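We use all heavy atoms of the structure for the numbers below, so side chains are in, but hydrogens, waters and symmetry mates are not. Predicted, not measured: the structure shown is a model, and the values here were computed from it.
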Amino acid sequence: MPRSFPFLRQDFAASLVVFLVALPLCLGVAVASGVPAELGLITGIVGGIVTGLMRGSSLQVSGPAAGLTVLVLEAVRAFGLGALGVIVLAAGLLQIAMGLLRWGRWFRAISLSVVEGMLAGIGLVIVAGQLYAAAGIPAPESGLDKLTGLPGALVEALGSRTALVSLAVGAGTILLIVGWRRMPRRARAVPGALVAVLLATLVTVAFGLPVETVQVSGVLEAVHLPGTEALSSLADPALLGTILAFALIASAESLFSAAAVDRLHSGPRTEYDRELVAQGAGNTLCGLLGALPLTAVIVRSSANVEAGARTKASRVLHGVWLLLFVALLPAVLAYIPLAALAGILVHAGWKLIPFKGVMTLWRRHRGEALVLVATATAIVAVGMFEGVLIGLVLSVAKAAWDASHLRIEHGDDGRGAIRVRIQGTVTFLKLPQILDSLEALPSDRRVVLDLSGVHYLDHACRAALETWAERHSGADADAVRADTAPDRHTDATQSSVSAPH
């Protein structure tokens with residue numbers, strides 16, 4: 001093995017696994033986004049070869065992601081397919097700028113509840129929308145209409161033989177993907193999604209099933225270079241909002257994926273700013289080609305790590321295999337049933353919904369759980385961009401509430417000193433509440449003021465507490481004693497509050 005490529009054998013084997021995982025997902029995401037299937041493959045090629053060659057995260061794999069499906073579908077419906085390239089191009093340039101400004105690390109400060117709520121909302125819309133696609137029935141435009149219209153769509157499908165056959169192909173695809181995990185380990189070396197698509201294609205062709213298949217126009221025909229008219233649409237405020245949404249959501253998803261991938265291996269850690277530049281470069285090229293936006297994809301990335309990849313050569317090679325497939329076997333796409341791709345997307349969308357995570361959050365941090373559910377609900381009911389904004393606002397409001405929340409507890413066994421425990425952030429805004437509570441204590445009893453749960457104590461509150469302690473103590477200098485946690489910093493001083501001796 002050449003010294004310059006000491007892990008070529010491991011990376012070569014891993015690249016084949018990632019290619020087999022990526023191929024059906026690239027096609028499925030493109031079809032679900034309302035664009036030609038070839039555009040999904042182009043984005044996968046760019047994500048593998050261009051983004052894969054750049055520095056940032058060594059084992060993370062990029063390509064078209066289910067997480068942006070809803071946003072792309074909305075953008076294509078609102079502005080047309082010709083504007084997609086401009087949107088992705090501008091979003092890529094914005095990502096590069098954010099990376100050069102070293103803003104990558106700040107995406108890690110976004111509340112995890114908002115990100116998980118975003119993915120849950122996207123997952124719900126994907127599952128609902130692809131159930132229509134599996135039946136070969138046109139889906140409503142809004143996410144809420146997709147969900148509420150499912151019972152009527154089911155009734156319509158039950159009355160149509162063609163829809164039932166299409167649903168059976170989609171359901172069989174899902175069952176095979178889920179059941180593939182129980183196969184022997186050697187069999188699982190081939191991804192279940194690929195096996196499901198191949199089997200669905202063979203069954204459809206062999207039995208001549210009346211289901212729709214992928215429409216193929218050729219890679220070159222699918223490419224839409226941004227024209228003058230599309231570039232002039234950048235003056236549209238609505239388009240600018242969509243560009244911002246693409247850039248922020250794609251960046252957040254990529255960097256959260258990078259953090260997850262870093263936990264799966266012991267190799268070099270992600271350089272977040274460089275990774276943001278790499279994602280931006282990939283999206284800039286995708287925009288010039290009129291293709292789908294790319295993000296880092298946790299499914300492909302985890303498959304890359306589990307397959308034994310050691311360097312970024314594996315993700316670059318997976319892009320090469322996609323390129324060879326597009327160049328040598330494009331006609332194969334025309335035999336793939338749309339219902340099978342819909343089944344893959346239903347499974348992928350379902351995995352985006354963190355059912356166990358919501359229950360765990362509800363038991364431990366109900367406020368975070370409410371932010372997650374509210375974000376997901378808003379995305380379904382209102383839209384992608386608006387839902388994420390609502391989630392961010394709720395997250396900030398919750399943080400502000402937690403920062404300003406104050407608890408005052410009294411403990412009195414009737415024999416010793418009264419213990420008053422104050423927890424939270426103590427500022428002048430809370431002085432009336434604190435002083436009312438302290439001044440209501442019996443003047444002839446000793447008091448222990450427990451400040452170990454105080455996160456912050458400003459100068460005004462400290463002065464007011466000292467004044468109260470002096471009045472309460474009177475002639476007994478030990479009537480008031482303050483307990484603070486070790487090494488706790490407060491404004492103006494680190495000393496405890498006590499009456500003067």
Side-chain angles (χ1 to χ4, degrees), residues 4-8 10-12 14-15 18-19 21-22 25-26 40-65 67-68 85 88-108 246-262 264-265 267-289 291-305 307 309-324:
S4 56
F5 299 100
F7 304 111
L8 184 58
Q10 296 94 321
D11 290 331
F12 181 84
S15 71
V18 178
F19 161 69
V21 171
L25 286 175
C26 288
L41 292 172
I42 291 173
T43 299
I45 293 168
V46 173
I49 298 176
V50 178
T51 304
L53 282 171
M54 300 183 71
R55 294 178 61 184
S57 176
S58 59
L59 299 182
Q60 183 164 249
V61 183
S62 300
L68 288 178
V88 178
L89 170 63
L93 293 174
L94 184 56
Q95 284 182 300
I96 293 174
M98 290 189 295
L100 294 176
L101 291 171
R102 303 180 64 82
W103 288 4
R105 69 193 69 179
W106 292 105
F107 280 90
R108 301 170 68 188
F246 268 70
L248 295 180
I249 293 171
S251 300
E253 188 171 344
S254 294
L255 297 184
F256 270 93
S257 173
V261 173
D262 279 351
L264 299 177
H265 66 90
R269 304 293 91 181
T270 297
E271 299 177 64
Y272 286 91
D273 296 318
R274 291 183 183 275
E275 179 64 16
L276 194 53
V277 172
Q279 294 293 324
N283 274 319
T284 300
L285 182 54
C286 286
L288 290 172
L289 297 174
L292 288 172
L294 63 81
T295 71
V297 187
I298 188 62
V299 175
R300 275 164 250 184
S301 302
S302 58
N304 190 38
V305 175
R310 303 293 294 275
T311 72
K312 61 185 178 183
S314 61
R315 60 187 189 181
V316 175
L317 286 173
H318 117 275
V320 173
W321 309 145
L322 286 173
L323 178 60
L324 290 175

CA sep, side-chain torsions, deciding dist, call: Q279, S62, side-chain hydrogen bond (donor to acceptor under 3.5 Å, both in side chains) = CA-CA 8 Å; Q279 294 293 324; S62 300; 2.8 Å; yes
Checking the side chain of [X] only, and the main-chain atoms of [Y] only, is there a donor and an acceptor separated by less than 3.5 Å?
X	Y	value
R315	G48	no
T43	L292	yes
E271	G56	no
N283	L294	yes

Rounded to the nearest 0.5 Å, what separation is found between the [atom1] atom of [X] and the [atom2] atom of [Y]?
X	Y	atom1	atom2	result
L94	T284	CG	OG1	10.0 Å
F246	L89	CZ	CG	12.5 Å
M98	L93	CE	CG	11.0 Å
M54	I49	CE	CD1	14.5 Å
R55	L53	CZ	CG	13.5 Å
R310	L8	CZ	CG	13.0 Å

Of the non-hydrogen atoms in [X] and [Y], which two are nearest, and what is the gap between them?
X	Y	result
T311	F7	CG2-CD1, 3.9 Å
A291	V88	O-CG2, 3.8 Å
S314	S15	O-CB, 3.1 Å
A303	V21	CB-CG2, 4.2 Å
S57	E275	N-OE1, 2.9 Å
A260	I298	CB-CD1, 3.9 Å

Contact between [X] and [Y] at the side-chain level, heavy atoms closer than 4.5 Å - yes or no?
X	Y	value
W103	D273	no
S254	L276	no
L68	I249	yes
V261	V305	yes
L59	K312	no

side-chain hydrogen bond (donor to acceptor under 3.5 Å, both in side chains) between Q95 and S251, intermediate numbers included = CA-CA 7 Å; Q95 284 182 300; S251 300; 3.0 Å; yes
Side chain to side chain donor-acceptor pair (under 3.5 Å) involving T51 - partner list, sequence neighbours excluded |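 Listed in chain order: nothing, the list is empty.
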Around atom CZ of R269, are there more than 12 heavy atoms of other residues, nucleotides or ligands at under 6.0 Å?
->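 Correct, the count exceeds 12.
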What about Y272 and W106, are their ring centers closer than 6.0 Å?
->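 No, ring centres 6.0 Å or more apart.
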Under the side chain to side chain contact (heavy atoms under 4.5 Å, CB included) rule, what do T270 and Q60 come out as? Steps first, then yes or no, please.
-> CA-CA 9 Å; T270 297; Q60 183 164 249; 5.6 Å; no
List the steps, then state whether side chain to side chain contact (heavy atoms under 4.5 Å, CB included) holds for L25 with V299.
-> CA-CA 10 Å; L25 286 175; V299 175; 4.2 Å; yes
